[in-house]
Amino acid sequence: SSPSLRSHFEQIDREPIVYNYEESEVIIRALEKDDKNLRIDAIRGGNLPTYLFAAIIPQDNLNGSIDTCSTEFEQHGVTEFNITIDGQSVNGYPISSAIDCYTFPLCKFLDTTNRIQNVETGETLAMATFKNNFIWSHKFECEKSSTGWIGINLKLDKAYERNMNIVIWLVSSCALSIDQFNQIELMKM
């Protein structure tokens with residue numbers, strides 16, 4: 001038993017012990033076929049998450065087979081991606097990206113995940129790797145409001161002819177506190 005661990009757990013008599021963690025919510029929505037401008041409204045309302053990640057995948061890939069991969073996210077003809085709160089674009093969006101041009105979405109992903117100019121990051125994602133891990137991302141900071149309805153708008157090079165889905169990850173910072181009477185309180189941050 002470590003003295004520092006004993007000291008940490010003895011503090012419960014003076015103040016609650018707080019455990020910080022991140023909570024993830026995964027949402028999968030079907031995308032319309034035969035339309036080049038897609039809009040996904042009312043993804044989630046209320047307090048904004050800390051991060052949003054989104055990727056597009058053929059519906060067949062989610063079923064699982066030897067021929068398909070459920071984590072092979074590609075650009076799939078998206079030429080403009082926009083994240084909105086109550087219909088207004090968030091900071092840094094919309095992002096336009098030519099077909100097979102991954103530079104700006106990759107840069108945004110590295111910035112969102114704090115990998116740009118971070119010496120503690122061992123290796124960064126290469127352009128060739130990002131091609132098959134094409135994930136749009138945003139860190140919610142400096143927004144006009146900390147609450148609202150999140151939406152996503154897509155512009156496509158050509159309309160989808162097969163069933164496609166968008167996978168959205170919402171990551172929120174949370175904390176759990178435990179006091180001396182074993183009362184647990186969940187805190188959204």
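All values reported here derive from a predicted model rather than from experimental measurement. Index from 1, following the sequence.
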Quiz prompt | side chain to side chain contact (heavy atoms under 4.5 Å, CB included) between Glu32 and Tyr160, intermediate numbers included | solution = CA-CA 8 Å; Glu32 295 177 31; Tyr160 293 134; over 6 Å; no
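- Residue Ile99 is not grouped with residue Leu106 when hydrophobic side chains (ILVMFWY) are merged at heavy-atom distances under 4.5 angstrom, including chains of intermediate members.
- Under a 3.5 Å cut-off, the side chain of Gln75 and the backbone N or O of Val78 do form a donor-acceptor pair.
- Here the side chain of Asp41 pairs no donor or acceptor atom with the backbone of Gly151 at under 3.5 angstrom.
- For Asn133 (side chain) and Thr129 (main-chain N/O), a donor-acceptor pair under 3.5 Å exists by modelled atom type.
- The aromatic rings of Trp136 and Phe81 sit parallel, their planes meeting at an angle under 30°, below the 60° perpendicular limit.
- His76 and Ile56 get closest at one heavy-atom pair: CD2-O, 3.3 Å.
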Quiz prompt | Trace of the ring pair (Phe, Tyr, Trp, His ring centres under 6.0 Å) decision for Tyr102 with Phe134 | solution = CA-CA 8 Å; Tyr102 316 115; Phe134 202 102; 5.7 Å; yes
Practice problem: Please step through side chain to side chain contact (heavy atoms under 4.5 Å, CB included) for the pair Met127 and Thr103, ending with a clear verdict. | Solution: CA-CA 7 Å; Met127 193 77 74; Thr103 307; 3.7 Å; yes
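- Side-chain polar atoms of Thr50 and Ser172 form no donor-acceptor pair below 3.5 angstrom.
- Paired with Val167 under the rule side-chain contact (heavy atoms from CB on, under 4.5 Å), one option of Thr71, Ile27, Ile57 passes, and it is Ile57.
- No side-chain N or O of Asp60 forms a donor-acceptor pair with one of Thr68 less than 3.5 Å apart.
- Listed for the Asp179 side chain is no donor-acceptor partner under 3.5 Å among the backbone atoms of Ile12.
- Looking at Thr84, its side chain never comes within 3.5 Å of a backbone N or O of Gln88 through a donor-acceptor pair.
- Within the 3.5 Å criterion, the main-chain N or O of Pro49 finds no donor-acceptor partner in the side chain of Glu25.
- Between the Ser7 side chain and the Pro3 main chain, no donor and acceptor come within less than 3.5 Å of each other.
- Without hydrogens or angle criteria, Asn153 side chain to Asn82 main chain gives no donor-acceptor distance under 3.5 Å.
- Both Ile178 and Leu186 belong to a common hydrophobic cluster when Ile, Leu, Val, Met, Phe, Trp and Tyr are linked at side-chain heavy-atom distances under 4.5 angstrom.
- Remark: Ile85 CD1 to Thr147 OG1 distance equals 8.5 Å, nearest 0.5 Å.
- Tracing side-chain contacts under 4.5 Å through hydrophobic residues (I, L, V, M, F, W, Y), one never reaches Trp149 starting from Phe140; they form parts of separate clusters.
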